[in-house]
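Written out below as structure tokens is the structure these notes cover.
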There are 2 protein chains.
Amino acid sequence: MAVTIKDVAREARVSVASVSRALNGHTSVTDQTRLRIMRVAEELRYIPHGAARSLITRRTQTIGALLPDLHGEFFSELIRGVDLAARARGLHLLVSSSHGDASEAAAALRAMQGRVDGLLVMSPHVDASFLRDHLPVGLPIVLLNTPIKGQHYAALNIDNFGGAYAMVRHLVARGHRRIALIAGPENNFDAAERLRGYRSAMEKFAPGSPVQVLPGDFTEESGYRAGKQLLELKVRPQAVFGANDIMAAGCLFALREAGVRVPQDIALAGFDDIPIAHFVSPPLTTVRVRIADLGARALGRLVAVIEDAATERDQMQMVDTELVVRQSCGTS
Amino acid sequence: MAVTIKDVAREARVSVASVSRALNGHTSVTDQTRLRIMRVAEELRYIPHGAARSLITRRTQTIGALLPDLHGEFFSELIRGVDLAARARGLHLLVSSSHGDASEAAAALRAMQGRVDGLLVMSPHVDASFLRDHLPVGLPIVLLNTPIKGQHYAALNIDNFGGAYAMVRHLVARGHRRIALIAGPENNFDAAERLRGYRSAMEKFAPGSPVQVLPGDFTEESGYRAGKQLLELKVRPQAVFGANDIMAAGCLFALREAGVRVPQDIALAGFDDIPIAHFVSPPLTTVRVRIADLGARALGRLVAVIEDAATERDQMQMVDTELVVRQSCGTS
DNA sequence: CTGAAAGCGCTTACAG
DNA sequence: CTGAAAGCGCTTACAG
């Protein structure tokens, strides 16, 4: 059915070896035969077969991305960053997401074997022992936002602790003492680090003030519920810090429904700086994570590991965050 | 380096054929040898090589997606829908996006050869002759939102015309006559269809009323500029219809800055129903496109074409839209 | 410069 | 039930 290198060789009356050389730009081909081969290849609309080439060259020119879910702006930005960086290097992107549990993640990992040159992994189900057990041996890998701190694997983490810490410091500087946190899901590394940053900064900058943690799971609904919940409180917090923007937005809706004004009655802050942070009213003060950048950097490191297996391993790099002040905590 | 089927065969003292049979669940293997093979495979952490398998089976278990860009919620939702549907069928997803021009799109198309079993194409650079020239022969394909109406190719289009038409009818029903449209980019099929729907409905439901089209390009900035522009007008429109949500949001910001109230002073509507539509204030009345659904349906059709090359071709299916009434056009 | 041959890691008729 | 062999479509030493 499809045109193969043999068809081109026959038609151009050369060996398949010459076709291969001509098409791959090797110098050791006469201009004359090269031209003939090129012409025939074009006529026949010959396209090399990726799998066959990969099998012999041991390179797929593809990198895999193992993600927990594709939902939300965080992941779309991340993939976008990875994709742009990959494209710039002529690499393809195989995405694999939405594995509900560890066994699905393991299956996805297996399926990558022979299809990718390296792997970007961001999955809550993944830890060091999981990788030891399921990672194809010798497959280069970069870990994103995982609790494994560079033991054997290159890793890239967002400075969640620092971001949360800076936000609390900012809120305290604006005169708030009673600052509540809407937390992210348990067992989520980002969430845990943000919580830790909140606690640590509260202790440092508002010692003696109540530490107040409302449960949440990074969804708008959980933010809304947290908002309702804090409206019931005898003593309301002066500021609410959502561990991500979408929960802060949910909380904002709960407050608005109750006629509580932001920022006049309660200050509100988020984390991530997804586009929504700027579209809600008032726009959210938040912690910016350059997500697309994160993706691009992760890809860059992966390529480094692929090209030189010896380099870079065992190293965890931190990605900075940045405080973005908008109106939800008051201005002036 | 990596463990191959030969290693397993040697260790289990059988032929590679038996290993292949055992691992692929063929019945013609003794339980005893099967067990032995399985155990050895596990011990050695053997994982079949994807490229090798693809080469011989002619199946990659992968579908490719050719997209214009990964930016924005539209594409993230689309990919999410495709990914979910693919995963449900055990298929992988190779994404390729951000090709600035036709030659890049062509290169991307070529690169898919031998890596995918079929292709989902949504690219502004793609038309019928382009596909004829660059599509690997025999590769199953489904077109999304392209002007090619099912000549030779299965296609899936959003009912942009119907959605825009219904929105204008709704605005007229709410008493508006002077309705302006913020248009999408030229040469964009979705944008053209929405414009056509607007014009057609204006003629039908508000005959004699001025048809007013402001230029835009689907970005927030262009919506903002359009908002500024219409504030200058001697006679302002009673309602503004953004050809997508993000432009409507940009316009909303321009109006808010000028102290013009929505919906009291001007009604505002969008198109797409991306999450932002619900987060802005007031929430946007818009036309919902079930984007993830669209992706899932597209994948389903592609699988049908792959499994039975004869079926379904030449057919353009339309995806319905749905009017979502929120507060930006007033309620009651 | 060019070709014949080996081989990448699999699967699958074909024998036995 | 099991194995030897052919072959998928390429690339690359090895000769000439």
Side-chain angles (χ1 to χ4, degrees), chain A residues 1-38 40-41 44-61 110-117 136-139, chain B residues 1-38 40-41 44-61 110-117 136-139:
Chain A
M1 346 217 312
V3 181
T4 74
I5 196 170
K6 274 189 192 168
D7 300 317
V8 179
R10 187 179 353 90
E11 208 69 15
R13 280 173 313 195
V14 291
S15 68
V16 293
S18 291
V19 176
S20 175
R21 291 191 193 102
L23 263 32
N24 288 314
H26 292 206
T27 48
S28 56
V29 187
T30 334
D31 277 358
Q32 193 193 342
T33 58
R34 173 192 308 283
L35 250 41
R36 182 154 38 93
I37 290 169
M38 300 290 243
V40 171
L44 264 41
R45 298 192 44 201
Y46 167 66
I47 302 174
H49 192 276
R53 180 177 259 174
S54 295
L55 188 56
I56 191 79
T57 60
R58 328 293 322 176
R59 273 299 175 88
T60 60
Q61 306 296 351
R110 291 172 57 89
M112 294 284 183
Q113 167 85 327
R115 297 179 188 282
V116 301
D117 296 333
V137 227
L139 189 64
Chain B
M1 344 220 316
V3 181
T4 74
I5 196 170
K6 274 189 191 167
D7 300 317
V8 179
R10 186 177 357 88
E11 208 70 14
R13 278 169 317 190
V14 291
S15 68
V16 294
S18 290
V19 176
S20 175
R21 291 192 194 100
L23 262 31
N24 287 315
H26 292 206
T27 48
S28 57
V29 186
T30 334
D31 278 357
Q32 192 194 343
T33 59
R34 174 192 306 283
L35 250 40
R36 182 152 40 93
I37 290 169
M38 300 290 243
V40 171
L44 263 41
R45 300 193 41 202
Y46 168 66
I47 301 173
H49 191 277
R53 181 178 257 169
S54 295
L55 187 56
I56 190 80
T57 60
R58 328 294 320 177
R59 274 299 175 88
T60 61
Q61 306 296 350
R110 292 172 54 91
M112 294 282 185
Q113 168 86 326
R115 299 178 188 281
V116 301
D117 296 333
V137 228
L139 189 64

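What you see below is based on every heavy atom in this structure, not just the backbone, and it leaves out hydrogens, waters and symmetry mates. Chain identifiers are assigned alphabetically (A, B, ...) following the order of the sequence lines, protein sequences preceding nucleic acid strands; residue numbering begins at 1 within each chain. Quick caveat, the model's predicted, so the values are computed rather than measured.
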### Query
Base, sugar-phosphate alone, or nothing: which one does B:Ile47 contact when heavy atoms must sit under 4.0 Å apart?
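Sugar-phosphate, backbone atoms only, no base.
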### Task
Give A:Thr33 one of three labels, base, sugar-phosphate or nothing, depending on what nucleic acid heavy atoms sit under 4.0 Å from its own.
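Answer is sugar-phosphate: A:Thr33 comes under 4.0 Å of backbone atoms only.
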#### Entry: Non-neighbouring partners of B:Arg115 that pass side-chain hydrogen bond (donor to acceptor under 3.5 Å, both in side chains), sequence neighbours left out
none
### Query
Which residues in residues 13-21 of chain A have at least one heavy atom lying under 4.0 Å from any atom of DNA chain D?
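Those residues are A:Ala17, A:Ser20, A:Arg21.
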With sequence neighbours excluded, what pairs up with [X] under the side chain to side chain contact (heavy atoms under 4.5 Å, CB included) test?
X	result
B:Ile56	none
A:Leu44	A:Val3, A:Asp7, A:Val8, A:Glu11, A:Val40
A:Arg59	A:Thr57, A:Gln61, A:Asp117, A:Ile306

#### Entry: From CE (B:Met38) to OG1 (B:Thr33), nearest 0.5 Å
10.5 Å
### Message
Between B:Arg34 (side chain only) and B:Arg21 (backbone N and O only), is there a donor and an acceptor less than 3.5 Å apart?
### Response
no
### Query
With no hydrogens and no angle check, is any side-chain donor or acceptor of B:Thr30 less than 3.5 Å from a backbone partner on B:Gln32?
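Side chain of B:Thr30 to backbone of B:Gln32, a donor-acceptor pair under 3.5 Å: no, none is there.
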### Query
Closest nucleotide of DNA chain D for B:Arg58 versus for B:Arg34: which of these residues is on the 5' side?
B:Arg34
### Message
At a heavy-atom distance below 4.0 Å, which nucleotide of DNA chain C is the first touched by chain A, and which is the last?
### Response
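Going 5' to 3' along DNA chain C, contacts run C:dC1 to C:dG9.
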### Task
List the steps, then state whether side chain to side chain contact (heavy atoms under 4.5 Å, CB included) holds for B:Thr60 with B:Arg53.
CA-CA 8 Å; B:Thr60 61; B:Arg53 181 178 257 169; over 6 Å; no
### Task
Give the C-alpha distance, both sets of side-chain angles, the deciding distance and a yes or no for side chain to side chain contact (heavy atoms under 4.5 Å, CB included) between B:His49 and B:Thr4.
CA-CA 8 Å; B:His49 191 277; B:Thr4 74; over 6 Å; no
### Query
Can you tell me which stems DNA chain D forms when a stem means 3 or more consecutive Watson-Crick or G-U pairs under 3.5 Å?
C:1-3 with D:14-16, C:5-12 with D:5-12, C:14-16 with D:1-3
Anything under 3.5 Å between a donor and an acceptor, one on a side chain of residues 13-20 of chain A, the other on a protein residue two or more places apart or in another chain? List them.
residue: A:Ser15; atom: OG; partner: A:Ala17; partner atom: N; Å: 3.4
residue: A:Ser15; atom: OG; partner: A:Ser18; partner atom: N; Å: 3.2
residue: A:Ser20; atom: OG; partner: A:Asn24; partner atom: ND2; Å: 3.4

